[in-house]
Amino acid sequence: MNIFVAKLNFKTRKEDLEKAFSQYGQVASAKVITDRETGRSKGFGFVEMPNDDEANKAIAALNESELDGRTIVVKPGNAK
DNA sequence: GGTGAGCGA
């Protein structure tokens, strides 16, 4: 399942998302959308989880939760 | 070097 994560801290990296989501389930890959020109974080990213059950509980647990000192928004991304 | 709603190269 693709998971959309928004309102991240600007210093939050993809590995931070990976370890955060891995606490509630298996994480296939995590990505933080950084500006390809400047390299600065856009403040949102995507997390891919193989298990949909773990993905749902990870969203429920991490949505509106505190990550790196900022309240983040976690919800399903572009499903395929 | 900073901002703060939104879906990536």
Side-chain angles (χ1 to χ4, degrees):
Chain A
M1 169 175 280
N2 292 58
I3 304 176
F4 176 70
V5 187
K7 299 189 63 176
L8 294 171
N9 194 309
F10 293 101
K11 58 183 181 335
T12 302
R13 295 178 295 185
K14 60 179 65 172
E15 53 187 37
D16 294 316
L17 286 179
E18 184 176 353
K19 69 176 183 61
F21 279 79
S22 61
Q23 295 176 96
Y24 301 93
Q26 302 178 26
V27 177
S29 62
K31 179 194 298 181
V32 174
I33 308 304
T34 51
D35 195 296
R36 56 178 178 84
E37 299 184 60
T38 60
R40 284 173 285 175
S41 301
K42 290 185 178 181
F44 67 95
F46 292 90
V47 179
E48 300 180 51
M49 300 186 70
N51 292 358
D52 298 278
D53 179 69
E54 295 180 341
N56 289 317
K57 68 180 182 181
I59 294 175
L62 294 175
N63 185 34
E64 298 181 355
S65 64
E66 182 180 293
L67 180 60
D68 208 27
R70 300 300 176 182
T71 303
I72 64 176
V73 178
V74 183
K75 48 188 177 183
N78 291 332
K80 174 174 291 186

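In the text below, chain A, chain B and the rest are named by the order of the sequence lines, each starting its count at 1.
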Side-chain N or O of A:K42 closer than 4.0 Å to phosphate OP1/OP2 of B:dA9:
yes
Separation of B:dG4 P from A:I33 CD1 (nearest whole Å)
20 Å
Let me confirm one number: the CG-OG1 distance from A:L8 to A:T71, rounded to the nearest 0.5 Å.
11.5 Å
Mind calculating the distance between CG (A:L8) and C1' (B:dA5) to the nearest angstrom?
12 Å
To the nearest Å, how far apart are A:K75 NZ and B:dA5 P?
11 Å
Could you tell me if the side chain of A:N56 sits less than 4.5 Å from the side chain of A:M1, heavy atoms only?
yes
Would you indicate whether the side-chain heavy atoms of A:D68 and A:D16 approach each other to under 4.5 Å?
no
Look at the side chain of A:D35 and the base of B:dG8, then say whether one donor and one acceptor between them are separated by less than 3.5 Å.
no
Decide, applying a 5.5 Å centre-distance limit and a 30° plane-angle limit (both strict), whether A:F46 stacks on B:dG8.
yes
Looking across every strand, which nucleic acid part, if any, lies under 4.0 Å from A:K14 by heavy atom: base, sugar-phosphate, or nothing?
nothing
Side chain of A:E48 only, please: which of B:dA9, B:dG8, B:dA5 is the nearest?
B:dG8
Could you check how far NZ of A:K11 sits from P of B:dG1, rounded to whole Å?
15 Å
Between NZ of A:K31 and C1' of B:dG8 the distance, given in whole Å, is 5 Å
For B:dT3, is there a stacking contact with A:F10, counting only centres under 5.5 Å and planes under 30°?
yes
Output the residues of residues 15-29 of chain A in contact with DNA chain B, where contact means a heavy atom of the residue under 4.0 Å from an atom of the strand; sort by number or write none.
none
Would you mind reading off the distance between A:K7 atom NZ and B:dC7 atom P, rounded to a whole angstrom?
15 Å
From A:E66 atom CD to A:N9 atom CG, the distance as rounded to the nearest 0.5 Å
10.0 Å
Are any non-hydrogen side-chain atoms of A:I3 and A:V74 less than 4.5 angstrom apart?
yes
Round to the nearest Å and state the distance from A:F4 atom CZ to B:dA5 atom P.
12 Å
Could you tell me whether a side-chain N or O of A:N51 sits under 3.5 Å from a main-chain N or O of A:E54, the two making a donor and an acceptor?
no
Rounded to whole angstrom units, what separation is found between the CZ atom of A:R13 and the P atom of B:dG8?
24 Å
Regarding A:I72, tell me which of base, sugar-phosphate or nothing describes its non-hydrogen contacts under 4.0 Å with the strands shown.
nothing
Under the rule for ring-ring contact (aromatic ring centres under 6.0 Å, His included), what residues qualify as partners of A:F44, not counting sequence neighbours?
A:F4
For A:T34 and A:R70, take the nucleotide of DNA chain B holding the closest heavy atom to each; which residue's nucleotide lies nearer the 5' end?
A:R70
Comparing A:S41 with A:V47, nearest DNA chain B nucleotide closer to 5' gives the residue A:S41
